[in-house]
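If you're wondering where the values come from, they're calculated on a predicted model, not measured in any experiment. Proteins get letters first, then strands, A, B, ... in listed order; numbering begins at 1 in each.
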Number of protein chains: 2
Amino acid sequence: MPKPLTFGQFLRESRESKVATDRGFSLRKVAERVGIEPSYLSKIERDEQPPPGEAVIRQLAVELSEDPDVLLALAGKVSSDLLATIRSRPRLFADLIRQLKSMPDHAVLRLVREVRDGSW
Amino acid sequence: MPKPLTFGQFLRESRESKVATDRGFSLRKVAERVGIEPSYLSKIERDEQPPPGEAVIRQLAVELSEDPDVLLALAGKVSSDLLATIRSRPRLFADLIRQLKSMPDHAVLRLVREVRDGSW
DNA sequence: GCATGTGTGTAGTAGTTACTACACACTCAC
DNA sequence: GTGAGTGTGTAGTAACTACTACACACATGC
C-alpha cells in the first residue's frame with residue numbers, strides 16, 4: 001500500500017503531476033485561481049503551515065480534481081455538512097458510526113449500496 | 001415536541017432539576033467538580049459565553065448524567081472519536097452519512113441494530 | 001541583458017477559542 | 001449580625017486559526 005502522505009505532500013504531488021503537462025498548474029497560477037497568496041500555498045505544500053480552512057481546501061480540490069472529503073481528512077478535518085447531519089441526530093449517528101468503526105470496507109460499502117438502491 | 005433548547009439553557013435546566021433535591025448541584029459545586037471557574041459556568045449557562053471545549057463538555061455530561069453526544073451537538077460540536085473514524089475512511093463514511101441524511105430515524109435505527117446484531 | 005515567471009523567506013495581523021482571577025451583591029441559618 | 005454559600009460582573013490573556021503583503025533569488029526565453 002502507498003505510504004500515507006501528509007496534506008502538503010499530497011497537494012504537491014497532485015499539482016506537480018499536472019504541471020508536467022499543463023503550465024497552468026504552477027504554484028502561482030493555482031494559488032491565484034484558488035484565491036490565496038502563493039507564499040501561503042508554498043508553505044502549505046511543504047507542511048510548514050497547517051492546512052488552510054475548509055473553503056480553501058474545497059477550492060484546491062476543485063482545481064486539482066481531488067476528492068474534497070479526502071483532502072479534508074488529510075487536513076484533519078471533516079466536511080461541515082457531515083457535521084451538521086450528525087449534530088441533527090447525535091445519538092443515532094454516533095451509535096451508527098461507532099458500530100461501523102471496526103467493520104471492513106466491503107461491509108460498510110454494502111450498507112451504502114443497499115441504502116442507495118432503496119431497499120428502504 | 002419540546003422546543004429546542006440552547007446549550008446553556010439545557011445545562012441550566014438539567015442542573016436546576018437536580019439541585020432541587022440535592023444541594024451538591026449548586027453552580028459552584030458543579031463547577032468545582034468539573035474543574036472550571038464558577039463565573040465561567042454561570043456565563044455558559046446563560047449563553048453569555050460560547051460553549052466550552054470538548055473535555056469540559058464531557059465532564060459536564062458525567063456530572064449531570066447527560067448524553068455526551070447530545071451535549072456536544074447542542075454545543076455545535078461532534079465527538080472527536082467520531083471525527084477520527086470518519087477521517088480514517090473519508091469517502092466511505094461521507095457517502096454513508098449523506099445517504100442517511102434524509103432517512104427517517106427508524107430506518108437508520110434498523111441499520112444500527114442489524115449491524116450490532118451481527119448479520120455482518 | 002532584461003522581462004517574465006518560478007518557488008520561497010520574513011514579518012505581521014485580525015479574529016476566535018477557551019478559559020482564569022477576583023470582586024461584588026444577595027440570602028439564609030443560627 | 002456575621003459567616004457560609006449562592007449566582008454574577010468585569011477584566012484580562014495565552015494559544016491557536018487562517019490568512020496577507022512584500023521582498024528575494026533563481027531560471028528561461030527571446
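- Side chains of A:Ser79 and A:Arg58: a donor on one and an acceptor on the other come within 3.5 Å.
- A salt bridge is absent between A:Glu54 and A:Lys77: the closest approach of a Lys/Arg side-chain nitrogen to an acidic carboxylate oxygen does not fall below 4.0 angstrom.
- Of the candidates C:dG7, D:dA18, D:dT8, the closest approach to any side-chain atom of A:Lys77 belongs to D:dA18.
- For B:Arg23 and C:dA29, the CZ to P distance is 11 Å, given to the nearest whole Å.
- Residue B:Arg46 places its side chain closer to D:dT8 than to any other of C:dT20, D:dT8, D:dC22.
- Checked options B:Leu5, B:Leu60, B:Leu64; the residue passing with B:Ser14 is B:Leu64 (criterion: side-chain contact (heavy atoms from CB on, under 4.5 Å)).
- Going from atom OH of B:Tyr40 over to atom P of D:dT13 covers 18 Å, rounded to whole Å.
- One N or O on the side chain of B:Asp47 and one on the backbone of B:Gly8 form a donor-acceptor pair closer than 3.5 Å.
- The CD atom of A:Glu48 sits 17 Å away from the P atom of D:dC19 (whole-angstrom rounding).
- Under the 3.5 Å distance criterion, the side-chain polar atoms of B:Arg46 are matched with a main-chain donor or acceptor of B:Ser42.
- When the side-chain nitrogen and oxygen atoms of A:Arg15 are compared with OP1 and OP2 of C:dG7, one or more of them lie within a distance under 4.0 Å.
- Computed from coordinates, the B:Ile57 CD1 to C:dC19 C1' distance equals 13 Å when rounded to whole Å.
- To the nearest angstrom, C1' of D:dT17 lies 12 Å from CD1 of A:Ile44.
- Of all heavy-atom pairs spanning A:Phe7 and A:Pro51, the tightest one is CD2-CB, 3.7 Å.
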Pairs under 3.5 angstrom, nitrogen or oxygen only, protein versus nucleotides 11-13 of chain C, please.
none

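- In this structure, the CD atom of A:Glu37 is 15 Å from the C1' atom of D:dC24, given to the nearest Å.
- Because its NZ or CZ atom is both nearer than 6.0 Å to the ring centre of A:Phe25 and within 45° of the ring axis, A:Arg33 counts as a cation-pi partner of that residue.
- In this structure a side-chain-to-backbone donor-acceptor pair under 3.5 Å is missing from B:Ser65 to B:Ala61.
- The interatomic distance linking B:Ile36 (CD1) with D:dG7 (P) rounds to 13 Å, in whole Å.
- In the region residues 25-34 of chain A, proximity to DNA chain C at under 4.0 angstrom, judged on heavy atoms, holds for A:Ser26, A:Leu27, A:Arg28, A:Lys29.
- Nearest heavy atom pair, residue B:Val112 against residue A:Gln99, reads CG1-CG, 4.2 Å.
- Put simply, B:Arg12 has a side-chain N or O that comes within less than 4.0 Å of OP1 or OP2 on D:dT8.
- Taking atom CZ of residue A:Phe7 and atom P of nucleotide D:dA18, one finds them 11 Å apart after rounding to whole Å.
- Heavy atoms of B:Pro50 sit nowhere under 4.0 angstrom from any nucleic acid atom.
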